[in-house]
There are 2 protein chains.
Amino acid sequence: MPDPAELERDLRTAGLRVTRPRLAVLDAVHTHPHLDTEALIGAARTRLASISHQAVYDVLRVLTDTGLVRRIQPQGSVARYEARVGDNHHHLVCRGCGAIVDVDCTVGAASCLTPSDDVGFAVDEAEVVFWGRCPNCAADHPTATPPSPPDVQRGRP
Amino acid sequence: MPDPAELERDLRTAGLRVTRPRLAVLDAVHTHPHLDTEALIGAARTRLASISHQAVYDVLRVLTDTGLVRRIQPQGSVARYEARVGDNHHHLVCRGCGAIVDVDCTVGAASCLTPSDDVGFAVDEAEVVFWGRCPNCAADHPTATPPSPPDVQRGRP
DNA sequence: GCCTCTTTCTTGACTGCTTCAAGGGAGCGG
DNA sequence: CCGCTCCCTTGAAGCAGTCAAGAAAGAGGC
């Protein structure tokens, strides 16, 4: 759980006004990475009981636009948010339960960021998602062939 | 444009019944990679005028479940489909217009498929998306800083 | 500390992609 | 050609996310 003063500083540094809803949401994202919006609404309400649906959506948009949080959205999942930004890490997603785990960049920033042929594109980011089954889900279906593309719906991390 | 007999064979090999709607959709996906569902409905209707909305959704699901087509969904975009499967290629997405281009695997299957620490996950696929600006969009805003995360909405390829 | 301006939050309704459900119709094996 | 099963059509609903108008709360100057 991050220091409230630090969150406030982050907001000001980003040129944003400091409001209770923003602190509540930003704290929630720091404390619970990879939650979806609905779960974040719940988490934010433990900090500020009366915050509205819409405020959380607005705040999340502002925070992603300013780079304070990062939005991720694996196939078949709704949008999820995390506060770890600026370090080019990637994600491991379980096809069974939807759990998301951070992984550091596999092969180093350089080769990770360079497609073999960029056909003239100015590439500024490489997003990598590793799909598989977490230890629990792999144990549940030891011999089952993994469902082809994702059957993830809304697994809770 | 693929050979109809070949599409039919693909369907049978996958254990699926051969129907006109399935042929129409499969042909459309082969002919126009990276289209979204709505555009595919249009493309399929040039082949089979009366195919319904719902049939296209159903067929696309069956085809993705059996691995005949692949579903991709970059951040901020609706679902898109392509018929190039089984070769572990990746995608380059333009933040400006949403254009999607195939790129071959950057660093070879091995390192591409291996996170630095898989924390016990059985990983079976690595999905890579390169974000940037296509030559046209880069020319439109030569000095503009690229909008942080995607502002893609529904660019037509 | 107070005032004013601007930004942001609340409330409520709505959009658009995708899915669910029921019944008629078409493919496929015999 | 017959019958069984699966598939497609029609119509409607679900749900994440967005739009809009007005009230409330920051931020800076007096």
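Just so it is clear, the structure is predicted and the values come from calculations on it, not from any experiment. A note on names: the letters A, B, ... follow the listed sequences, proteins ahead of strands, and every chain is numbered from 1.
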Select one nucleotide: of [options], the one nearest the side-chain heavy atoms of [X].
X     : options                : result
B:R61 : C:dT19, C:dG27, D:dG17 : C:dT19
A:V78 : D:dT18, D:dC7, D:dA16  : D:dA16
A:A55 : C:dT10, D:dG26, C:dC20 : C:dT10
A:A79 : D:dA20, D:dG17, D:dC8  : D:dG17
B:R17 : C:dC9, D:dA27, C:dG27  : C:dG27
B:Y57 : D:dA27, D:dA16, C:dC17 : C:dC17

Can you tell me how far [atom2] of [N] sits from [atom1] of [X], to the nearest Å?
X     : N      : atom1 : atom2 : result
A:D58 : D:dT18 : CG    : C1'   : 9 Å
A:D65 : D:dT18 : CG    : P     : 11 Å
A:I72 : D:dA16 : CD1   : C1'   : 17 Å
A:R12 : C:dT8  : CZ    : P     : 13 Å
B:L63 : D:dC8  : CG    : C1'   : 14 Å
B:Q75 : D:dA16 : CD    : C1'   : 14 Å
B:L11 : C:dA26 : CG    : C1'   : 15 Å
A:R80 : D:dA16 : CZ    : P     : 12 Å

| message | With nearest nucleotide decided by heavy atoms, which residue, B:R20 or B:H53, maps closer to the 5′ end of DNA chain D? | response | B:R20

| Got a donor-acceptor contact below 3.5 angstrom from the B:H89 side chain to the B:D102 backbone? | no

| field | Atom pair CG/CZ of B:L63 and B:R22 - distance to nearest 0.5 Å | value | 7.5 Å

| query | Atom CD1 of B:I100 and atom CZ of B:F130: how far apart are they, to the nearest 0.5 Å? | reply | 14.0 Å

| query | Does A:L35 belong to the same Ile/Leu/Val/Met/Phe/Trp/Tyr cluster as A:Y57, with side-chain heavy atoms less than 4.5 Å apart forming each link? | reply | no

| note | Closest to the 5' end of DNA chain C, once B:L16 and A:I51 are matched to their nearest nucleotides, is A:I51

| field | For the student: nearest non-hydrogen atoms of A:R71 and B:Q75, plus distance | value | O-NE2, 2.7 Å

| said: Is there a side-chain contact between A:T19 and the phosphate of C:dT7, meaning an N or O under 4.0 Å from OP1 or OP2? | reply: no

| task | Would you tell me if any nitrogen or oxygen in the side chain of B:R22 comes within less than 4.0 Å of OP1 or OP2 on D:dC7? | result | yes

| request: Measure distances between side-chain N and O atoms of B:Q54 and base N and O atoms of C:dC20, and say whether any donor-acceptor pair falls under 3.5 Å. | output: yes

| message | Could you check whether A:R70 pairs with A:E127 (Lys NZ or Arg NE/NH1/NH2 to Asp/Glu carboxylate O, under 4.0 Å)? | response | no

| If you look at every strand shown and take non-hydrogen atoms under 4.0 Å, does A:S52 touch a base, only sugar-phosphate, or nothing? | base

| said: What's A:V18 touching, base or sugar-phosphate or nothing? Going by heavy atoms closer than 4.0 Å. | reply: sugar-phosphate

